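To start, the structure itself, in structure tokens.
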Amino acid sequence: MNFSKKKHRLTISFHLQFFANIFYIFLVLALSFNQPKFSSTATWDSNGITFADSSIVGVQPGAIFVNTNNTVYVTNGEDNTVLIWRDESINPTKIIHGNFTKPVSLFVTSNGDIYIDDGFENGRVQKWITETNTFATVMNVSSQCGGLFVDINDTLYCSMTVYHQVVKRLLNDTVMTSNRVAAGTSSTGSAPNELAFPSGIFVDVNLDLYVAEWGNHRVQLFQPGKSNGITVAGITSLNPTITLSCPSGIILDNEKYLFIVDQLNRRIVGSGLNGFRCLVGCYGWGSQSNQLDGPFSLSFDRSGNIFFW
Ligand SMILES: *[C@@H]1O[C@H](CO)[C@@H](O)[C@H](O)[C@H]1NC(C)=O
Ligand SMILES: *[C@@H]1O[C@H](CO)[C@@H](O)[C@H](O)[C@H]1NC(C)=O
Ligand SMILES: *[C@@H]1O[C@H](CO)[C@@H](O)[C@H](O)[C@H]1NC(C)=O
Ligand SMILES: *[C@@H]1O[C@H](CO)[C@@H](O)[C@H](O)[C@H]1NC(C)=O
Ligand SMILES: *[C@@H]1O[C@H](CO)[C@@H](O)[C@H](O)[C@H]1NC(C)=O
């Protein structure tokens, strides 16, 4: 599989109903990311605003993460850096260089620490510790992490894309080599307990794990302790509502509605009271402001705008 594409830009699609009943659950739970509550009629401007282009993010950007301060983090797999924009700055305000190669995913916790995929060559996940400006290896992995997540119980998850498995470990576990299987069998397949090229992942406050499965064109939900997933999006779901083609990114809003990067259909889709609908990129492929070219990852800012590339 090949996530890289020729033209890249990070885009913001503005949520058009800024005052539509938005509140923030992170005030209670201290989540590091935004989970806006949208009204059932929420819409997004189909004309995105380009936030950064390939002259800044390179031709191999990976994940995008927007924290609760609207600080934007992006991995640049071309020059092996993490770019950070604070205070709605046009240019990155910080660039982190490190001993990691071709990072695909990242996750930022509330204290500002950054978990960075370094699976491709070095078989590990690195943590950049904000306080000390140093790195630590926090997980050993068998492939690139197409997605990284730290849940509310301080458990780190990596979706090992070419190993067809999601693994997890408690971050404060003193036994180092202690990855546990969160989902998948490590051989590819489409049975409920199998995964094919898992990419983006999301773990909600109930520790339900959502996996965007690039190879099976579906989003799987794994409830805690269950090895069989339930298909919640894609043509094979029990209530088929939308067809996905190589979904690569998944996030949930405050009401557990799904927002998915439908990568090969070059669009962002979302669920709501009336089922799934196309939100962005609904006018075919291309580089017009209402078209997408190979999106991969998405994140909400505080106002419910969708940042993606
Ligand atoms: C970078 O990481 C690799 C793999 O762990 C290691 O072999 C190498 O010594 C590290 N280099 C530096 C400068 O830390
Ligand atoms: C968010 O901004 C506040 C105020 O500037 C700061 O104290 C806090 O550390 C920031 N949090 C993160 C996660 O950057
Ligand atoms: C949360 O972490 C603790 C260990 O610190 C563990 O015993 C517990 O099972 C975890 N809870 C869940 C729901 O995974
Ligand atoms: C690890 O973290 C969990 C959840 O935060 C906590 O309950 C547990 O006591 C911690 N364990 C150790 C060994 O620090
Ligand atoms: C990763 O593997 C190395 C070498 O086997 C080991 O020293 C280290 O403790 C492991 N780290 C983690 C976080 O599992």
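Numbers here are sequence positions counted from 1. For ligands, and for the atoms within them, numbers begin at 1 and follow the listed sequence. Note that the coordinates shown come from a computational prediction; the quantities given were computed from them, not determined experimentally.
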Residue M139 vicinity, atoms of ligand 5 by number, heavy atom under 4.0 Å: 13 (C)

Please say whether N140 places an N or O atom under 3.5 Å from an N or O atom belonging to ligand 5. yes

Closest heavy-atom pair and its distance - S199, P247: CB-O, 4.3 Å

Give the atom numbers and elements of ligand 5 that come within less than 4.0 Å of a heavy atom of V138. 13 (C)

Residue that, paired with D118, satisfies side-chain hydrogen bond (donor to acceptor under 3.5 Å, both in side chains) out of K102, R124, Q144: R124

Could you check L83, N67, I116 and say which one makes a side chain to side chain contact (heavy atoms under 4.5 Å, CB included) with Y73? N67

Check ion pair K256-D204 (N to O, under 4.0 angstrom): yes

